[in-house]
Amino acid sequence: MKTLVLKKAADLQTRYSIAYENELNGEQLQAVMHREGPALVIAGAGTGKTRILTYRLARLVESGVPPESIVLLTFTRKAANEMMRRASLLLDGRCEKVQGGTFHSFAHTTLRRYGAFIGLDPNYTILDQADAEDAINITRSRLHFDKSKKRFPLKNTLLSIYSMSVNCYIPVEQVIAQRYSQFVEHSEAIHTVLREFVAFKQSSNVLDYDDLLVYLLRLLEQSEQGREAVLNSIRYIMVDEYQDTNKLQHHLVKKLTDVHQNIMVVGDDAQSIYSFRGAEAENIFDFEKEHKDTAVIAISKNYRSTQEILRISNHTLNQSLKSYHNVLQSDKNGAKPFVVATKNERQQSVFITQLLLQQREEGVALDEIAVLFRSGFMSFDLEIELQKANIPFRKYGGLRFSETAHLKDLLAIVKILHNPHDIISWHRILLLLDGVGPKSASLIIEEIQRNSEDIYWMSPNINKPVRGYDAILSLCSLLLQLHSDNANIPDIMTKVSTFYRPLLQKKYDDFAKRMKDIETIIGISSAYSSVASFLSDMSLEGPSDSINAEQEGNEHEFVTLSTIHSAKGLEWKTVFIIWALDGRFPSTRSLESAAALEEERRLFYVAVTRAKDELVITYPIDVFDRESGMVLGEPSRFLQGMNEDMIERFVVMEEQ
């Protein structure tokens with residue numbers, strides 16, 4: 001007979017059906033096997049963050065944790081569903097019972113169940129962004145601010161101000177001063193509109209997306225019964241992409257762990273790049289301070305990039321003022337990254353286009369190539385070259401040059417100068433002028449069609465008085481002056497942009513950003529010797545508009561053009577980072593504060609770590625400045641300290 005002995009239950013290891021130690025590396029396994037208490041997982045770029053969350057989800061369920069007591073919070077419903085789907089494939093259907101979704105969907109489900117504890121009618125309806133903008137516009141109109149003689153913010157701007165205030169825990173006045181300084185004189189009026197907006201929602205029993213989080217936090221803070229009901233149903237919480245949380249989400253996470261401290265957040269401080277949306281990099285640093293005995297687990301084994309590329313990303317992080325300094329390592333080896341100086345922006349575009357044509361001829365899939373940039377306007381010149389070379393592309397983040405309404409407005413004036421009988425361009429620009437409506441525009445166009453000569457003098461000869469006559473006369477005077485001066489194209493574009501600027505300010509709340517696009521086009525125009533050739537290139541349709549199934553081989557392949565913000569989470573075999581110049585990347589504005597410059601550094605890190613095998617960084621030496629003409633550019637400070645062991649440096653020259 002065998003002797004029976006006692007063993008503590010805690011000493012017995014769970015027998016798992018999944019061989020976790022074979023599926024995960026040592027760092028990943030440590031995170032997946034973490035049991036009780038708070039944990040902060042610093043998962044560097046390309047280290048398998050999704051794999052960690054998926055396997056930990058399966059491991060918790062295998063350990064006997066009721067899946068309905070697990071909450072997985074992500075920034076997209078798609079990400080949550082994908083993780084639960086993978087976990088179910090690893091284990092079984094039990095993982096589908098996990099409470100997974102976005103912060104907002106979790107808040108909505110919880111409020112439907114427990115909102116009555118704070119007096120919330122469970123039959124509330126949710127306003128999407130368009131509905132919320134309409135609601136705020138109703139409030140704006142009721143208070144008669146829509147009839148203000150001075151420019152008052154549009155409905156989408158008012159909603160953005162409100163949302164930033166709520167999510168970042170900062171007063172409305174501070175949001176206006178920091179982000180919408182052109183409306184500082186309206187601060188009190190804006191505050192009044194937003195207060196009435198909140199009252200309107202309450203009286204109508206409607207909640208917008210931000211309210212879902214606000215009311216959930218209110219439930220956890222103001223109702224003991226509600227708090228207990230919510231927190232007693234949750235044993236484990238996991239949060240993805242924690243570096244992208246805002247202050248409101250950060251406070252919610254803290255409140256959700258008041259009973260059970262079993263919280264694991266996964267993120268990468270080096271990829272916190274969304275402060276313009278309200279994301280707060282400090283949240284990931286504060287987590288360890290706010291949750292006692294936090295286990296910090298760094299995941300540094302990179303499965304995406306070569307070690308040569310990671311030397312660049314590690315060097316970038318080493319310059320950070322505040323960072324976990326997670327040093328990435330890879331088993332892959334390849335060529336050293338290139339840093340390439342070009343004479344000017346046009347040569348930068350031509351150089352990249354030539355390389356893309358060469359790679360396409362060598363059989364490299366265009367889908368495996370991306371060109372990344374700091375801001376959307378930086379790709380305009382490249383878009384023109386790609387269109388001329390018939391290289392299909394798709395752009396993410398910012399509009400394509402051919403889609404920007406304000407640039408179409410600007411070019412409409414130049415088109416009229418080149419072809420005074422261009423009725424479509426006349427119609428577009430006339431409707432922008434003060435006091436000119438469809439009726440007045442029709443009268444002017446009729447006059448244009450009647451005249452075949454001296455068209456620039458047509459406005460004084462209008463037989464019937466029309467509204468907006470002074471504005472029309474001003475436009476015609478500009479056209480006559482430009483026609484008489486025989487000026488070069490940058491001068492023409494500069495004078496046209498001066499005329500257009502007040503129209504832009506009237507039409508768009510973000511006019512300063514759009515003026516940057518216009519300055520870029522003025523710079524591009526300096527490469528042209530005739531208005532005809534300039535307008536011809538500006539009017540080219542992208543190849544993607546004419547792709548058809550009969551084209552051979554690569555009809556579904558596109559080079560990716562993307563802002564770095566839009567590229568986060570993605571990867572390509574070959575990556576170009578363009579405009580690596582101080583003042584462009586990092587941006588001029590970021591040089592005003594240490595925090596902003598640190599975010600730019602993180603943005604550069606994100607760009608570098610998108611590359612799997614090849615990385616090329618380019619910058620033009622001569623840069624067009626609207627006031628000074630061509631000036632000498634300074635290479636990005638992020639390239640400083642990179643020696644010849646890390647990068648190969650080249651200068652593009654014209655072949656002799």
Side-chain angles (χ1 to χ4, degrees), residues 45-46 271 302-316 328 330-342 345 347-374 376 378-379 381-383 385-387 389-397 542-544 553-580 585 603-620 636 638-639 642 646-652:
Q271 296 188 70
N302 179 285
Y303 293 93
R304 176 188 299 153
S305 307
T306 64
Q307 189 60 46
E308 285 75 12
I309 291 171
L310 295 183
R311 285 197 191 104
I312 306 298
S313 64
N314 290 333
H315 171 82
T316 302
L328 299 180
S330 173
D331 292 335
K332 289 173 58 178
N333 290 299
K336 281 189 286 189
F338 294 171
V339 173
V340 180
T342 64
E345 180 180 17
Q347 194 180 70
Q348 177 179 245
S349 300
V350 171
F351 167 68
I352 291 172
T353 301
Q354 286 181 357
L355 282 186
L356 292 176
L357 287 171
Q358 180 182 329
Q359 295 215 348
R360 185 162 68 173
E361 288 175 2
E362 293 173 355
V364 177
L366 295 180
D367 290 347
E368 285 289 340
I369 305 170
V371 182
L372 306 183
F373 32 86
R374 171 64 181 83
M378 293 180 180
S379 71
D381 189 69
L382 177 60
E383 291 174 46
E385 286 302 314
L386 294 178
Q387 289 167 358
N390 198 32
I391 298 177
F393 66 88
R394 282 180 176 159
K395 184 175 179 180
Y396 301 90
S544 58
N554 64 351
E555 64 268 17
H556 299 302
E557 291 182 11
F558 299 85
V559 172
T560 296
L561 307 186
S562 178
T563 61
I564 301 165
H565 288 102
S566 297
K568 185 172 172 290
L570 303 176
E571 60 183 40
W572 294 270
K573 181 179 184 296
T574 301
V575 167
F576 294 88
I577 302 173
I578 63 174
W579 278 107
F585 193 13
L603 198 60
F604 186 76
Y605 167 89
V606 168
V608 168
T609 53
R610 298 312 93 198
K612 294 193 287 187
D613 297 327
E614 296 179 77
L615 175 65
V616 181
I617 303 171
T618 69
Y619 63 89
S636 173
F638 301 146
L639 299 177
M642 294 185 189
M646 297 173 63
I647 57 173
E648 297 272 10
R649 294 185 183 271
F650 295 91
V651 176
V652 173

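Of the inter-residue distances, the one linking Thr609 atom OG1 with Asn302 atom CG reads 8.0 Å to the nearest 0.5 angstrom. Note: Phe604 CZ to Ile617 CD1 = 4.0 Å, rounded to the nearest 0.5 Å. In this structure, NZ in Lys568 is found 5.0 Å from CD in Gln271, a value given to the nearest 0.5 Å. Here CG of Leu615 is found 5.5 Å from CD1 of Ile309. Values are rounded to the nearest 0.5 Å. Between the CD1 atom in Ile564 and the CD1 atom in Ile577 there is a gap of 6.0 Å [rounded to 0.5 Å]. Atom CD1 of Ile369 and atom CZ of Phe558 lie 14.0 Å apart (nearest 0.5 Å).
With sequence neighbours excluded, the residues satisfying side chain to side chain contact (heavy atoms under 4.5 Å, CB included) with Asp613 are Thr306, Lys332, Lys573. Remark: Tyr396 pairs with no residue by the side chain to side chain donor-acceptor pair (under 3.5 Å) rule, at least two apart or across chains. Glu345 is linked by a side chain to side chain donor-acceptor pair (under 3.5 Å) to nothing, counting only residues two or more places apart in sequence or in another chain. Looking at residues two or more places apart in sequence or on another chain, you find no side chain to side chain donor-acceptor pair (under 3.5 Å) involving Ser562. Listed by chain and number, the residues in a side chain to side chain contact (heavy atoms under 4.5 Å, CB included) with Glu385 are Arg346, Ser349, Val350, Thr353, Lys388 (sequence neighbours excluded). Scored by the side chain to side chain contact (heavy atoms under 4.5 Å, CB included) test, His565 finds Ile273, Tyr274, Phe276, Arg374, Thr563, Leu603 as partners (sequence neighbours excluded). For Gln347, the side chain to side chain contact (heavy atoms under 4.5 Å, CB included) partners at least two apart in sequence or on another chain are Thr342, Lys343, Asn344, Val652, Glu654. Under the rule for a side chain to side chain donor-acceptor pair (under 3.5 Å), Gln354 has no partner lying at least two apart in sequence or in another chain. Judged as a salt bridge (charged side-chain N to carboxylate O under 4.0 Å, His left out), and not counting sequence neighbours, Arg311 has no contacts.
Legend: side-chain hydrogen bond (donor to acceptor under 3.5 Å, both in side chains) pairs involving residues 362-373, not counting sequence neighbours, sorted by first then second residue: Gln358-Glu362. For residues 349-358, there are no salt bridge (charged side-chain N to carboxylate O under 4.0 Å, His left out) pairs, not counting sequence neighbours.
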| message | Between Leu570 and Thr560, does the side chain to side chain contact (heavy atoms under 4.5 Å, CB included) criterion hold? Intermediate values first, please. | response | CA-CA 11 Å; Leu570 303 176; Thr560 296; over 6 Å; no
| request: Please report the C-alpha distance between Thr574 and Trp572 in whole Å, then the side-chain angles of each, then the deciding distance to 0.1 Å, and finally whether the side chain to side chain contact (heavy atoms under 4.5 Å, CB included) criterion is met. | output: CA-CA 5 Å; Thr574 301; Trp572 294 270; over 6 Å; no
| query | Do Val616 and Phe576 pass the side chain to side chain contact (heavy atoms under 4.5 Å, CB included) test, and can you show the C-alpha distance, the side-chain angles, and the key distance before you say yes or no? | reply | CA-CA 5 Å; Val616 181; Phe576 294 88; 3.7 Å; yes
| task | I would like to know whether Trp579 and Leu382 meet side chain to side chain contact (heavy atoms under 4.5 Å, CB included); could you show each step before the answer? | result | CA-CA 11 Å; Trp579 278 107; Leu382 177 60; over 6 Å; no
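Between the side chain of Ser305 and the main chain of Ala611, a donor-acceptor pair closer than 3.5 Å is present. In this structure, Ser313 contributes its side chain and Val608 its backbone to no donor-acceptor pair below 3.5 Å. No donor-acceptor pair under 3.5 Å is formed between the side chain of Arg304 and the backbone N or O of Ala45.
In plain terms, the two heavy atoms of Gln307 and Asn314 that are nearest each other are NE2-ND2, 4.4 Å. Between Pro392 and Glu557, the closest heavy-atom pair is CG-O, 3.4 Å. Closest heavy-atom contact between Arg610 and Ala567: CD-O, 3.4 Å.
Below 30°, between 30° and 60°, or above 60°: for Phe585 and Phe638 the angle between ring planes is above 60°, a perpendicular geometry.
Annotation: side chain of Ile352 is in contact with side chain of Gln348 (closest heavy-atom distance under 4.5 Å). Between Phe393 and Leu366 there is no side-chain heavy-atom pair separated by less than 4.5 Å. Within the 4.5 Å cutoff, the side chain of Leu639 has no heavy atoms near those of the Ile647 side chain.
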Donor-acceptor contacts under 3.5 Å from residues 333-340 side chains, at least two apart:
{"residue": "Lys336", "atom": "NZ", "partner": "Glu644", "partner atom": "O", "Å": "2.8"}

